[in-house]
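To keep things clear, I will list the structure first and then write my remarks on it.
Order of the sequence lines fixes the chain letters, A, B, ..., with proteins taken first and strands second; residue numbering starts at 1 for each chain.
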Amino acid sequence: MSFPPVAEQLAVLRRGIEAVVPEAELAQKLEKSLKTGVPLRVKYGIDPTGIDVHLGHTVPMRKIRQFQDFGHQAVIIIGNYTALVGDPSGRDQTRARLTQEQVETNAIDYLNQVGKVVDLSRAEVVRNGDWFGKMNFLDILNLCGKVTVAQLLTREDFAKRQAEEKAIYLHECLYPLMQAWDSVMVRADVELGGTEQLYSFMLARDLQRAHDLPQQIGMMTPILVGLDGIRRMGKSLGNYIGISEPPFEMMKKFMQLPDQCMRMYFELLTSLPMPEVEALLAGHPKVAKMELAKAVIGSYHPAGEATAAAERWQAEIGERSRPQDIAKFSVPADKLTDGQINADKLLLLTKLCASSSDARRAIAQGGVYLGEDKTVVPSHDTPVRVINGLLLWVGKKRVVQLEVG
RNA sequence: GGGGGAAUUCCAGAGUGGCCAAAUGGGCCAGACUGUAAAUCUGGUGGCUCUGCCUUCGUAGGUUCGAAUCCUACUUCCCCCA
């Protein structure tokens, strides 16, 4: 096995990384593998607790891929056992626990998605249930003997919960220990994860030393902020872009991203050289955002589709022309009187509004329009003459095309 | 096992007998402004046959002219002591 020069590897691998602990050992490890021809074992663990892999998850995953492309060994750990515990990291309350069946279903789904970033054909994929499932109580006690309660409580998330008098369950305390044990079992040289994983990463080093294994280094990726530009990208926060989303959906979301997040997104989600990124950012923000969107979308969809999505966004949204696929709604003839129906009833019927109160509100605020030229509907009891092809809008985004059924 | 505290509209969180469909913030929706970005500003945010009416404040009863607010029981959650 031959590897590119260390400096070259470092330049790519260090990009967008928040911290490497210990910093110096990364270069040393790379040196050694270059000399011996033995690839580094790069560990990344995921708990199959949810389903949608979003761009936030791809940050460490992309890093794994870069290691792979340099010839190193990716080790993906499916945390089918740790998922049963629930990672307390960064949480201010206990996670809901899952059943084994849910976990397995999620795991398969997860792998399909992970495969879009990591080359699974060259990766080792293991489940930590393979070893945790075999441990007996004595083994567990031995492991527990490595950590003191005081150490555990230095973690910010636990300390915070302790201070707020919120519950900390014993099984949650075992989580970092389990994660660290994974590193021993797979003989990890490098572990990737977010900054909140620091404690587990360090614990892994302790355990590895205790077992006379080389100690892993931790590479921590920054938290990717979500579309709101403030909070971390997360499914429950509704501020994420999923990697399985259709190109146009991704495009729309990208264009909503606050400008000041672009540098971070470029750095963490694309491989565009940073000087080029700086040049783009110096230009018009809209152009830069388009490029960002195309670059990222292009890594999950064929390049042509990314471009098409960008063009469609420009036409439909940038130039305010008619959206492409407008849902059709056929108004039953028996709802009409002389071919007409009151505006609020129509909104309710088409499900554009959830209730007639909701419909009245929308109309009162001047948010309901008719036709290509978007004539404002003035009142909730304005009769609407329904003709085939008539467009009915609520706000800028919701629209249906009517027909008489 | 014993003691204490809490459950409010999407979320957080006010409200302790009438002025409460319920403050405030967040989210969301609509409007203005824009690059239909973000930020900002304005308005809205239970339902209806809508200048009025109806149903909501853990569940079920009760007190009262009147209850989210008081009483009783129950359910759930949290904390402390052992």
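- Residue A:D338 places its CG atom among 12 or fewer non-hydrogen atoms of other residues, nucleotides or ligands, all under 6.0 Å distant.
- The nearest whole Å value for the distance from the CG atom in A:L227 to the P atom in B:C28 is 11 Å.
- For the 3.5 Å distance criterion, the side chains of A:D47 and A:Y81 fail to qualify, holding no donor opposite an acceptor.
- We find that CG of A:D381 is positioned 16 Å from C1' of B:C48, with the value rounded to whole Å.
- A salt bridge links A:E104 with A:R127: the distance from a Lys NZ or Arg NE/NH1/NH2 to an Asp or Glu carboxylate oxygen falls below 4.0 Å.
- A:K146 places no side-chain N or O within 3.5 Å of a backbone atom of A:L207 that could act as its donor or acceptor partner.
- Across all strands shown, B:A82 forms no Watson-Crick or G-U wobble pair with both distances under 3.5 Å.
- For the OP1/OP2 pair of B:C48 and a distance below 4.0 Å, the side-chain nitrogens and oxygens of A:S355 include at least one atom meeting the criterion.
- Per the geometry, OH belonging to A:Y265 stands 13 Å off P belonging to B:A38, to the nearest Å.
- Stacking of A:K253 on the aromatic ring of A:Y240 is recorded, both the 6.0 Å distance cut-off and the 45° axial limit being met.
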So which protein N/O to nucleotides 41-44 of chain B N/O distances come out below 3.5 Å?
from  : atom 1 : to     : atom 2 : distance (Å)
B:G43 : N2     : A:Q365 : OE1    : 2.9
B:G43 : N2     : A:Q365 : NE2    : 3.0
B:G43 : N3     : A:Q365 : OE1    : 2.9
B:G44 : O4'    : A:Q365 : OE1    : 3.2

Which pairs, protein N/O on one side and nucleotides 10-12 of chain B N/O on the other, fall under 3.5 Å?
none

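- Across all strands shown, A:G229 has no heavy atoms under 4.0 Å from either base or sugar-phosphate atoms.
- Side-chain contact of A:H72 with A:Q66: a donor-acceptor pair under 3.5 Å is absent, judged by distance alone.
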### Task
Evaluate the criterion side-chain hydrogen bond (donor to acceptor under 3.5 Å, both in side chains) for residue pair A:E191 and A:S183; output intermediate values, then yes/no.
CA-CA 8 Å; A:E191 174 158 14; A:S183 291; 3.1 Å; yes
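- Nucleotide B:A30 holds its P atom 6 Å from the NZ atom of A:K397, rounded to whole Å.
- Rounded to whole Å, the distance from CZ on A:F248 to C1' on B:U36 is 12 Å.
- A distance-only check finds no donor-acceptor pair linking the side chain of A:R312 to the backbone of A:F248 [under 3.5 Å].
- Annotation: cation-pi pair A:K252/A:W313 absent, no NZ/CZ under 6.0 Å from the ring centroid and within 45° of its normal.
- Taking atom C1' in both B:U36 and B:G26, one finds a spacing of 24 Å when rounded to whole Å.
- Applying the salt bridge (Lys or Arg N to Asp or Glu O under 4.0 Å) criterion to A:R360, with sequence neighbours excluded, gives A:D344.
- Among the heavy atoms of the strands lying under 4.0 Å from A:E316 is at least one base atom, whether or not backbone atoms are also near.
- Salt-bridge formation is detected for the pair A:E25/A:R205: a Lys NZ or Arg NE/NH1/NH2 atom is positioned less than 4.0 Å from an Asp or Glu carboxylate oxygen.
- Counting to the nearest Å, the P atom of B:G47 and the NZ atom of A:K345 are 14 Å from each other.
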### Task
Quick one, give me the B/S/- string for nucleotides 50-56 of chain B, reading 5' to 3', where B means a protein heavy atom under 4.0 Å from the base and S means that only happens at the primed atoms, P, OP1 or OP2.
B------
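- For the contact set between residues 250-263 of chain A and RNA chain B, defined by any heavy atom under 4.0 Å, the members are A:M255, A:Q256, A:L257, A:P258, A:D259.
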### Query
Does the pair A:N128 and A:W181 meet the rule for a side-chain hydrogen bond (donor to acceptor under 3.5 Å, both in side chains), with working shown?
CA-CA 9 Å; A:N128 62 10; A:W181 188 247; over 6 Å; no
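- Under the rule for a ring pair (Phe, Tyr, Trp, His ring centres under 6.0 Å), A:H284 has no partner lying at least two apart in sequence or in another chain.
- For the residue pair A:N342 and A:T382, no side-chain donor N or O sits within less than 3.5 Å of a side-chain acceptor on the partner.
- Rounding to whole angstrom units, CD1 of residue A:I230 and P of B:A38 are separated by 12 Å.
- When the P atom is compared between B:G13 and B:U8, the two are found 9 Å apart, to the nearest whole Å.
- Both distances falling under 3.5 Å, in either a Watson-Crick or a G-U wobble arrangement, place B:A7 opposite B:U75.
- A:R398 has its CZ atom 7 Å from the C1' atom of B:C29, to the nearest Å.
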